[in-house]
*Asks:* 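Structure provided below as structure tokens; questions to follow.
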Amino acid sequence: MSTTATSIPVTRTTTPRFSEQLRDTAAFGAVFSDHVLVADYADGRWGDPVIVPYGQMPMAPAPLVAHYGQGIFEGFKAFPRPGNGAALFRPDANHARMNRTCRRMAMPEIPASIFIEGTAALVRVDMQWIPAKPGSALYIRPVMFATGEPLGVRPSEKYRFVIETNPSGPYFSGAVDLLAEEHYVRAFPGGTGAAKCAGNYAGSLVAAGEAQAKGFHNVLWLDGIERRYVEEAGLMNVVFVIDDTVVTPPLSGTILPGITRDSVLTLLREMGVKVEERRIAIDEVFDAHAAGRLQSAAGVGTAATIAPLGRLRHKDREITVPSITADSPLARVGAELDSIRTGAGADRHQWMVAV
Ligand SMILES: Cc1ncc(COP(=O)(O)O)c(C=O)c1O
């Protein structure tokens, strides 16, 4: 698949910050590419998007996002295609998820002509910011927030949509250590758990900080009613391999429907691996480990794709999850995803969108 060239006007920076060194050494999220896409919503409609230099933008002193929290975002990647530009991974899925989040947060949906065509146009302008090293990508971060001013607890009448991008190098991580959270909850039935809204992340920061102070990378969220069933990790969905079956919590409305999760499950099923989307009690994970049936476990998300889990603690019990072996379904599905993204393998689902 590819996008058509659009007529989004571009104002190029006269003071580019680009250097190969900056691009190739940037820590995740630390360096922004030279341009952003901006579109404003007012009077019941989206205005035309523009691509402008990254920089300060005037705004009301306290736009409504700061009061009532209508702030949402997305995250996905453009992968380099040696000698052939770049390709976006499943931008349509992120677009659809952002619009679901819009509906949940009483915000206006964003058209594909701004989200998808806008991303493609922005990536074309800042193509040189895509690191070429294997495993590198340009991280794409669309955000949308309420810019109205008159106070009152109701949906804002004005919004801004921005796409900014960051060069991001290969994600080399060791195993991710998780602390199953006993006190705080991320979401509950009927809440906003399935939406990618800023408030979900604000509410998680204290828990993540406390887990880090105890020596873990992040929390493993449990359900908000019984604190018994596994939900997801701080920034990733989770999968467990038990008895050669990949088990993952269902999309019940309280976890983020990850695009990586969906991609991984789709490919695993095609590989003939048994996949179960069902509730999984934290005790079941520990019991499976005690019985030697827990073969591996991983977080799955855009940043790392498949990050092996290491230590897992719940109350006074702690286990070290067995590492992912080369013949594990998780290793095989990770390799398959990589080959689709680099263009080395067949893209049977037309997930890649050339720009
Ligand atoms: C809370 C949470 N869960 C899961 C994910 C994984 O989603 P995706 O695979 O779309 O990146 C993310 C990252 O976006 C996340 O923030």
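Keep in mind that the numbers below use all heavy atoms, side chains included, and drop hydrogens, waters and symmetry copies. We count ligands from 1, going down the list as the structure has it; atoms in each ligand are counted the same way.
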*Asks:* If you measure from each non-hydrogen atom of M236 to ligand 1, which part falls under 4.0 Å: side chain, backbone, both or neither?
*Replies:*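 The backbone, only.
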*Asks:* Among all protein heavy atoms in this structure, tell me which lies nearest to atom 12 (C) of ligand 1, with the distance rounded to 0.1 Å.
*Replies:*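 So the nearest neighbour among protein heavy atoms is L235 O, 3.1 Å.
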*Asks:* Regarding atom 4 (C) of ligand 1: of the candidates K196, E232, K77, R186, which has the closest heavy atom?
*Replies:*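 Closest candidate by heavy-atom distance is E232.
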*Asks:* Any donor and acceptor pair, going by atom type alone, linking the side chain of T245 with main-chain N or O of K274 inside 3.5 Å?
*Replies:*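 No, the answer is negative, given that no donor and acceptor are paired below the 3.5 Å cut-off.
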*Asks:* Students should be able to answer this: which protein heavy-atom is nearest to atom 11 (O) of ligand 1, and at what distance?
*Replies:*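 Here the closest protein heavy atom is T302 OG1, 2.5 Å.
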*Asks:* Evaluate salt bridge (charged side-chain N to carboxylate O under 4.0 Å, His left out) for R279 paired with E231, printing each intermediate quantity in order.
*Replies:* CA-CA 8 Å; R279 292 179 103 189; E231 296 262 280; over 6 Å; no
*Asks:* Compute the minimum heavy-atom distance from E74 to ligand 1 and say whether it is under 4.0 Å.
*Replies:*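 Not so, E74 does not reach ligand 1.
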*Asks:* Report the residue from V321, V246, T248, V230 that forms a side-chain contact (heavy atoms from CB on, under 4.5 Å) with F240.
*Replies:*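 The option that passes is V230.
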*Asks:* Would I259 count as being in polar contact with ligand 1, using the rule that some N or O on each side must be under 3.5 angstrom apart?
*Replies:*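 Among all N and O atoms of I259, at least one is under 3.5 Å from an N or O of ligand 1.
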*Asks:* Quick check, are the ring centers of F76 and F89 under 6.0 angstrom apart?
*Replies:*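 No: the rings miss the under 6.0 Å criterion.
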*Asks:* Ignoring angles and geometry beyond distance, decide whether R261 reaches within less than 3.5 Å of ligand 1 through its nitrogen or oxygen atoms.
*Replies:*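 N/O-N/O distance below 3.5 Å does not exist for this pair.
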*Asks:* Note the single closest protein heavy atom to atom 16 (O) of ligand 1, along with its residue, its atom name and the distance in Å.
*Replies:*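 Result for atom 16 (O) of ligand 1: Y201 OH, 2.5 Å.
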*Asks:* Considering only protein heavy atoms, which is closest to atom 9 (O) of ligand 1, and at what distance to one decimal place?
*Replies:*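 Here the closest protein heavy atom is T260 OG1, 2.6 Å.
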*Asks:* Are R341 and K77 packed together at the side-chain level, in the sense that at least one heavy-atom pair is separated by less than 4.5 angstrom?
*Replies:*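 A side-chain contact is absent here, since even the closest heavy-atom pair is not under 4.5 Å.
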*Asks:* For G234, counting its heavy atoms only, list the atoms of ligand 1 lying under 4.0 Å from any of them.
*Replies:*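 Once the distances to G234 are compared, the set is 1 (C).
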*Asks:* Considering all heavy atoms of both residues, which atom of R186 and which atom of T254 are nearest to each other, and what is their separation?
*Replies:*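 R186 and T254 have their closest heavy atoms at NH1-O, 3.1 Å.
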*Asks:* Could you identify the single nearest non-hydrogen protein atom to atom 7 (O) of ligand 1 and state the distance to 0.1 Å?
*Replies:*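 Answer, as residue, atom name and distance: G258 CA, 3.4 Å.
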*Asks:* Answer whether the closest heavy-atom distance between the side chains of L22 and E20 falls below 4.5 Å.
*Replies:*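 Side-chain contact under 4.5 Å: no.
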*Asks:* Hey, are the side chains of I114 and W46 touching, using non-hydrogen atoms and a 4.5 Å cut-off?
*Replies:*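 Counting from C-beta outward, I114 and W46 do come under 4.5 Å.
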